[in-house]
Amino acid sequence: MNRGVAVISFPGSNGDHDAVDAFAGPVGVPTRLVDYRETNLDGFEAVVLPGGFSYGDYLRTGAIARFAPVMTALQQFAAAGGPVLGICNGFQVLTEAHLLPGAVLRNKDLRFHSHWVHIRVESGETAWTGAVADGDVLTMPVAHGDGNYYADPETIATLEHEGRVVFRYCDADGRLSEATNFNGSINNIAGICNQGRNVVGLMPHPERAADPVLGQPDGLRLLNSVLSFVGTTV
């Protein structure tokens with residue numbers, strides 16, 4: 001039986017090994033790279049969709065990965081309450097697969113952004129934020145050209161009302177501004193969750209900020225959160 005964390009690898013993924021290293025190393029749990037052609041996720045306690053450029057971002061970011069064979073098993077896993085984390089391109093895939101609402105569009109300045117950002121925790125009540133508190137400010141890197149989160153006004157209102165906005169771009173003191181909202185996301189949104197709070201998507205990369213040797217371990221706090229959600233058997 002599989003145990004621990006599954007990291008899905010699509011053609012073009014470039015954050016899959018980073019995610020495996022973060023969970024197997026600093027988090028310290030069994031972790032396996034799962035090929036996109038696999039159709040069974042039985043036994044895994046958590047699933048991660050990593051960053052990168054699945055299928056070369058052809059057609060639209062995440063649009064082709066949505067139809068990968070593994071996605072049927074992922075939808076079943078999520079429907080059963082299993083914790084799923086979509087990082088950057090993984091977030092885009094989750095929106096395309098309708099596991100999360102809305103869409104992730106081109107950055108407002110049409111430029112690729114690769115730098116460190118601050119994000120404020122808006123909801124500690126998800127599978128991936130149990131080890132942080134509302135209002136905490138985390139620092140981690142971004143690397144995307146399509147990170148501009150968009151949804152229709154009704155969907156945004158629902159996300160806000162239900163407390164499903166999980167992260168917002170901010171400054172080091174947690175203040176929101178247009179300047180910190182570098183990609184143009186509505187309401188400075190950097191990450192959201194589903195209604196069950198077990199599926200979370202965010203654009204910043206916690207797996208690239210999970211080891212003190214890299215200079216910033218804030219991402220480890222998010223990745224560790226899944227341990228308390230599923231128990232220490234992960």
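Numbering of residues begins at 1 and proceeds along the displayed sequence.
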Are any non-hydrogen side-chain atoms of P83 and V230 less than 4.5 angstrom apart? yes
Strictly distance-based, threshold 3.5 Å: is any side-chain N or O of T158 a donor or acceptor partner for the main-chain N or O of E154? yes
For D109, run the side-chain hydrogen bond (donor to acceptor under 3.5 Å, both in side chains) check against R111, H113, R106 and tell me which one passes. H113
Sort out for me which residue in R168, R221, R120 forms a salt bridge (charged side-chain N to carboxylate O under 4.0 Å, His left out) with D136. R221
Carboxylate-amine/guanidinium contact R197 E162, below 4.0 Å: no
Report yes if some heavy atom in the side chain of S9 is under 4.5 Å from a heavy atom in the side chain of H17; otherwise report no. no
Backbone of L110 reached by a side-chain donor or acceptor of N107 within 3.5 Å: no
Could you check Y149 against N187 for side chain to side chain donor-acceptor pair (under 3.5 Å), going step by step and ending with a plain yes or no? CA-CA 9 Å; Y149 180 74; N187 295 357; over 6 Å; no
Are any non-hydrogen side-chain atoms of V84 and L99 less than 4.5 angstrom apart? no
Restricting to non-hydrogen atoms, name the atom on G4 and the atom on E45 that form the minimum distance, rounded to 0.1 Å. N-OE1, 2.6 Å
Heavy-atom side-chain contact between I192 and V200 under 4.5 Å: no
D152 side chain to I156 main-chain N or O, any donor-acceptor pair under 3.5 Å? no
Hey, mind stepping through T39 and V70 against side-chain contact (heavy atoms from CB on, under 4.5 Å) and telling me if it holds? CA-CA 5 Å; T39 57; V70 75; over 6 Å; no
Taking R175's backbone N and O only, do any of them form a donor-acceptor pair with D173's side chain (distance below 3.5 Å, no angle check)? no
What closest approach, in Å, do G62 and V93 show between heavy atoms, and which atom pair accounts for it? CA-CG2, 3.8 Å
If only atom types and distance count, is the side chain of K108 paired as donor or acceptor with the main-chain N or O of S185 below 3.5 Å? no
What is the minimum heavy-atom distance between F10 and S54, and which atoms define it? CB-CB, 3.8 Å
Inter- and intrachain pairs under ring pair (Phe, Tyr, Trp, His ring centres under 6.0 Å), touching residues 117-146, at least two apart: H144-F182
Point-to-point distance, once rounded to the nearest 0.5 Å, from OH of Y58 to CD1 of I64: 9.0 Å
Intermediate values then yes/no, side chain to side chain donor-acceptor pair (under 3.5 Å), D146 and Q92: CA-CA 9 Å; D146 299 75; Q92 296 161 349; 5.2 Å; no
Could you go through Y36 and M71, starting from their C-alpha distance and side-chain angles, then the distance that decides it, and tell me whether this counts as side-chain contact (heavy atoms from CB on, under 4.5 Å)? CA-CA 8 Å; Y36 70 103; M71 292 301 292; over 6 Å; no
Locate the shortest heavy-atom distance separating I119 from A190; write the atom from each residue and the value. CG2-CB, 3.9 Å
If only atom types and distance count, is the side chain of D134 paired as donor or acceptor with the main-chain N or O of G124 below 3.5 Å? yes
Using 0.5 Å steps for rounding, measure from the CG atom of D21 to the CG atom of D211. 9.5 Å
List the atom of L94, the atom of G201, and the distance in Å for their closest heavy-atom pair. CD1-CA, 4.5 Å
Which ILVMFWY residues can you reach from F112 by hopping between side chains whose heavy atoms are under 4.5 Å apart? F53
Roughly how far, to the nearest 0.5 Å, is CZ of F91 from CG of L85? 10.5 Å
Can you confirm whether more than 12 heavy atoms, excluding those of E38, are under 6.0 Å from its CD atom? yes
Given side chains that start at C-beta, do those of V104 and Y150 come closer than 4.5 Å, heavy atoms only? no
Heavy-atom pair with the smallest gap, counting every atom of G102 and T95: O-CB, 3.5 Å
Between T180 and N188, a side-chain donor and acceptor under 3.5 Å: yes
Residue pair L222 / V132, side-chain heavy-atom distance below 4.5 Å: yes
Is any side-chain heavy atom of L220 less than 4.5 Å from a side-chain heavy atom of P206? no
Whether the side chain of D218 engages the backbone of M140 through a donor-acceptor N/O pair (distance < 3.5 Å, no angle test) should be reported. no
The reported gap from CD in E96 to CZ in F67 (rounded to nearest 0.5 angstrom) is 8.0 Å
Stepwise side chain to side chain donor-acceptor pair (under 3.5 Å) test for T126 and S123: CA-CA 7 Å; T126 79; S123 175; 5.9 Å; no
Check for a donor-acceptor pair, side chain of D18 on one end and backbone N or O of E207 on the other, with a separation under 3.5 Å. no
Supply the members, apart from V213, of the Ile/Leu/Val/Met/Phe/Trp/Tyr cluster built from side-chain contacts under 4.5 Å; use none for a lone residue. L214
Is it true that atom NE2 of H115 has more than 12 heavy atoms of other residues, nucleotides or ligands lying nearer than 6.0 Å? yes
More than 12 non-hydrogen atoms from neighbouring residues, nucleotides or ligands closer than 6.0 Å to CD on E160, yes or no? yes
CD1 (I189) and CG (L202) are apart, to the nearest 0.5 Å, by 12.5 Å
If you define the side chain from C-beta out and look only at heavy atoms, does anything of L41 sit under 4.5 Å from V47? yes
